[in-house]
Amino acid sequence: MTAPAPVSQAKIPQITVLDTGGQYCHLIARRVRELGVYSEVRPSETPATELEGSKGLIISGGPSSVYDPASPSVDPAIFRSGQSVLGICYGQQLMAHLLGGDVRPGAKGEFGFATLELDGGGNRTPLFEGLPARQQIWMSHRDTVAGMPPGFSQLGTTSTCAIAAMAAPERGLYSVQFHPEVVHTTEGRRILANFLFDVCGCVKDWDPRHRIPLVEQQIRETVGARNVFFFVSGGVDSTVAYTLCLRALGEARVRGVYVDTGLMREGETDFVRAMFNSLGAAGTVSIESAAEQFLTPLAGVRDPETKRQIIGEEFVRVQERIIEARHLLDGHWILGQGTIYPDTIESGGTEKAATIKTHHNRVAGIQRLLQDKRIVEPLSSFYKDEVREIGRELGLPDELLDRHPFPGPGLAIRCLGAERNEPLERVTDGFIVPVRSVGVQGDSRSYAPVLALDLFPGTDGRLQAEATELINRMQGINRVMARVASHAPLASLAVHASSLTAGRLERLRRADAIVRRISHESGFDKTIWQFPVVLIPLGTDAAPDSVVLRPVHSVDGMTAQSVGMEAPLLNAMAAELLTVEGVCGVFYDLTHKPPATIEWE
Ligand code: XMP
């Protein structure tokens, strides 16, 4: 009898996504998995010989131009490997370039919605099987394919892009200039499914819930006879990872520490305590109160990056103190982390993850554990949605699994300060408010004042569209907000010199709790992705601050849309917010990302 293969044997992806640095590569792999096919992301230049196990390859879109010598490429042998290949956006251009076609640098580019018209062999190709002759697609490219490589035929066009899709079907090569992985391409899911099942012959082999026994087995193999400790955050990833370890190893061998930074939302520590209680694991998690340690060095600080740095450094100190005091570096212990798949690979879409994690990475003790491979990351092959599915299967409460993302530095980066007292400046469309908030245009971040409109925000997206126009037109602002309600007219308000203080944090905490309660009771929170509540030093001498509401739709935080809220709900929220001591006004952020970020700092 032959011995069974170890259960932790790596799974071979049927589809490998070759990452050319675009923000969409993880989205592609996620969409493929949603269709029930296991998929992984690899660097674009991975040699063809290492990709042989996959049935199909997808070359992702990227920000580069094939004419830039530093731009990513692929091993041309993949086109002769017999595997089917789908090039998306930059992937199409790369395919054309490497196979003898002609790519033209575009001066202006095409960004946003377009209509794809299937022509040539388009409606007969398996890629577009069952699709209407005209469909909405989403474009984001500068260069275009002007001449197809020999043997390719054109499948579809748009009004501005002659070769919006092309193929050499007998060689299994397909490409599209648009993005089938984004929701704005209405038939995108169908196109990807056609590629997987009709072109590549994939079979369904992926359901993250079925992986639970295997993951538990992997935990036991990695941990061996040792014990696991976690720094838990109360977020989805670390809680699911912790629960898996508890199941795999038993309560006696798993310990967690939750650090209360004093920068958390109202009731957060109680929530974490109650949650681990309900999991029957209360005895395994301890709470480290470190509010003083964070708030003291933060007092008076205004600069956002300095705040993040201080918080990161204090985190390091707390973690080192705990590691030292509990002798966690001795051989009996191994570190558990809730790292998820996108955090494990470097790509254009994951630079944020790298920044978010700096405070963990910098801890010397943790570095040593990493070097010695004394670390267990049970979720490192899963996407966020998959982690939620696993959590649900494990019986974790919806209240935890449906939580919106919350930034590591907590309320500190939602409590804005100002250097000095300053009046508002009246301009044609509203008032310039001299508080500095973050914007992203292109790849760079900038800090700039905010434009306040003296208009009540509606739900039809009209003001949001106007906000985008205003930012494009006006110099020096990257965010627009509308006045919902205030104790005094907008024209009479001013910005007040202020910084991060315990009092203002408490004010923000109150406001945030009100917003969360009302948005939960009304069900609004279920309709959105995240709902930051921000305190800005705009008001009167008697009530120096205002609250800004920032509900957004998003898929992964990379881009986001400002969401409208029905007037009765918004009015109810504003009325209660105006009862908070020190709050003068309530505003509504109208800006999409880009041009603004989700957070204000
Ligand atoms: P931005 O503001 O860049 O945010 O549009 C995108 C997503 O990232 C979160 N975010 C952070 N998370 N530490 C974190 O752990 C941070 O410093 C940080 N800054 C932003 C933000 O809440 C949003 O979900």
Just checking Glu566: does its CD atom have more than 12 heavy atoms from other residues, nucleotides or ligands closer to it than 6.0 angstrom? no
When every non-hydrogen atom of Ala485 is compared with those of Ala574, the smallest separation belongs to CB-CB, 4.1 Å
Heavy-atom distance under 4.5 Å between the side chains of Pro297 and Glu313, does that happen here? no
Distance col, row Leu577:CG vs Ser546:OG, nearest 0.5 angstrom, shows 10.5 Å
Exercise. Without hydrogens or angle criteria, can the side chains of Asp260 and Thr269 be said to hold a donor-acceptor pair below 3.5 Å?
Worked result: yes
Is Arg321 salt-bridged to Glu288, cutoff N-O under 4.0 Å?
-> yes
Counting N and O atoms only, with roles assigned by atom type, does the side chain of His487 sit under 3.5 Å from a partner on the main chain of Leu578, one being a donor and the other an acceptor? yes
Using side-chain heavy atoms (C-beta onward) and a distance below 4.5 Å, is Arg509 in contact with Leu411?
yes
So CD of Glu314 and CG of Leu295: to nearest 0.5 Å the spacing works out to 10.0 Å
- Task: Please determine if Arg392 and Glu389 form a salt bridge, counting it only when a charged side-chain N lies under 4.0 Å from a carboxylate O.
- Result: no
Pair His404 + Phe531: ring centers closer than 6.0 Å: no
Nearest heavy-atom approach of Ser498 to Leu416 is OG-O, 4.3 Å
Apply the test side chain to side chain contact (heavy atoms under 4.5 Å, CB included) to residues Tyr24 and Asp19: give CA-CA distance (whole Å), side-chain angles for both, the deciding distance (0.1 Å), then the verdict. CA-CA 9 Å; Tyr24 298 109; Asp19 174 14; over 6 Å; no
d(Gln293 CD, Leu298 CG) to nearest 0.5 Å is 11.0 Å
Note to self: With a 4.5 Å cut-off on side-chain heavy atoms, are Leu451 and Val427 touching?
What the structure shows: yes
N/O donor-acceptor pair under 3.5 Å between Arg550 side chain and Leu590 backbone = no
*Indicate yes or no for a side-chain donor-acceptor contact from Asp512 to the backbone of Leu508 under 3.5 Å, with no hydrogens or angles considered.*
no
Next item on the list: Scan side-chain atoms only and decide if Thr597 and Arg479 contain a donor-acceptor pair under the 3.5 Å cut-off.
Entry: yes
Query raised in the report: Judged by atom type as modelled, is there a donor-acceptor pair below 3.5 Å linking the side chain of Arg374 to the main-chain atoms of Trp333?
Result: yes
Quick one, Tyr588 and Leu453 - any side-chain contact, counting heavy atoms below 4.5 Å?
no
Distance col, row Arg302:CZ vs Ser499:OG, nearest 0.5 angstrom, shows 5.5 Å
I'd like to check Leu246 versus Glu251 (side-chain heavy atoms, cut-off strictly below 4.5 Å). Are they in contact?
yes
- [ ] Answer whether the closest heavy-atom distance between the side chains of Phe294 and Ile310 falls below 4.5 Å.
- [x] no
Hey, can you tell me if Tyr341 and His26 have their rings parallel, tilted or perpendicular (30° and 60° cut-offs)? perpendicular
- Any donor-acceptor N/O pair, Arg265 side chain to Ala513 backbone, under 3.5 Å: no
**Asked** Less than 4.5 Å apart, any side-chain heavy atom of Lys384 and any of Arg388?
**Response** yes
Residue pair Leu570 / Phe456, side-chain heavy-atom distance below 4.5 Å:
yes
Would you say the side-chain atoms of Arg31 pair up with the backbone N or O of Glu181, donor to acceptor, closer than 3.5 Å? yes
For this session: Indicate whether any N or O donor in one side chain lies under 3.5 Å from an N or O acceptor in the other, for Ser60 and Thr20.
Result: yes
Under a 3.5 Å cutoff, is there a donor and acceptor pairing between the side chains of Thr591 and Asn478? no
Please answer whether the main-chain N or O of Gly557 pairs with a side-chain N or O of Lys593 as donor and acceptor at a distance below 3.5 Å.
-> yes
Discussion item. Centre-to-centre under 6.0 Å for Tyr242 and Phe276, is that the case here?
Written reply: yes
Could you walk me through whether Arg326 and Val257 pass the side chain to side chain contact (heavy atoms under 4.5 Å, CB included) test, one step at a time? CA-CA 11 Å; Arg326 302 189 186 195; Val257 180; 3.5 Å; yes
Asp237 and Val387 have their tightest heavy-atom pair at OD1-CG1, 3.8 Å
Requested in this report: Determine whether more than 12 heavy atoms belonging to other residues, nucleotides or ligands lie under 6.0 Å from atom CZ of Arg473.
Outcome: yes
Item to complete: Could you tell me whether a side-chain N or O of His179 sits under 3.5 Å from a main-chain N or O of Trp138, the two making a donor and an acceptor?
Response: no
inquiry  = For His520 and Asp525: C-alpha separation, side-chain torsions, deciding distance, then whether side chain to side chain donor-acceptor pair (under 3.5 Å) applies.
reply    = CA-CA 5 Å; His520 182 65; Asp525 61 353; 3.0 Å; yes
So OG of Ser522 and CG of Leu569: to nearest 0.5 Å the spacing works out to 4.5 Å
Please report the C-alpha distance between His496 and Asp545 in whole Å, then the side-chain angles of each, then the deciding distance to 0.1 Å, and finally whether the side chain to side chain donor-acceptor pair (under 3.5 Å) criterion is met.
-> CA-CA 8 Å; His496 293 77; Asp545 282 318; over 6 Å; no
Check your understanding: With a distance cut-off below 6.0 Å to the six-membered ring centre and an angular limit of 45° from the axis, does Arg403 pair with Phe271 as a cation-pi contact?
Key -> yes
Test Val438 against Glu599 for side chain to side chain contact (heavy atoms under 4.5 Å, CB included), laying out the working first. CA-CA 8 Å; Val438 188; Glu599 303 289 349; over 6 Å; no
Nearest heavy-atom approach of Pro532 to Ile598 is CG-CG2, 3.9 Å
- Could you give me the CA-CA distance, side-chain angles and deciding distance for Glu268 and Tyr258, then say whether side chain to side chain contact (heavy atoms under 4.5 Å, CB included) is met? CA-CA 11 Å; Glu268 182 64 16; Tyr258 168 81; 3.3 Å; yes
### Message
Whether the Ser486 and Arg483 side chains hold a donor-acceptor pair (N or O, under 3.5 Å, no angle test) is what I'd like checked.
### Response
yes
Distance col, row Arg426:CZ vs Ile432:CD1, nearest 0.5 angstrom, shows 12.5 Å
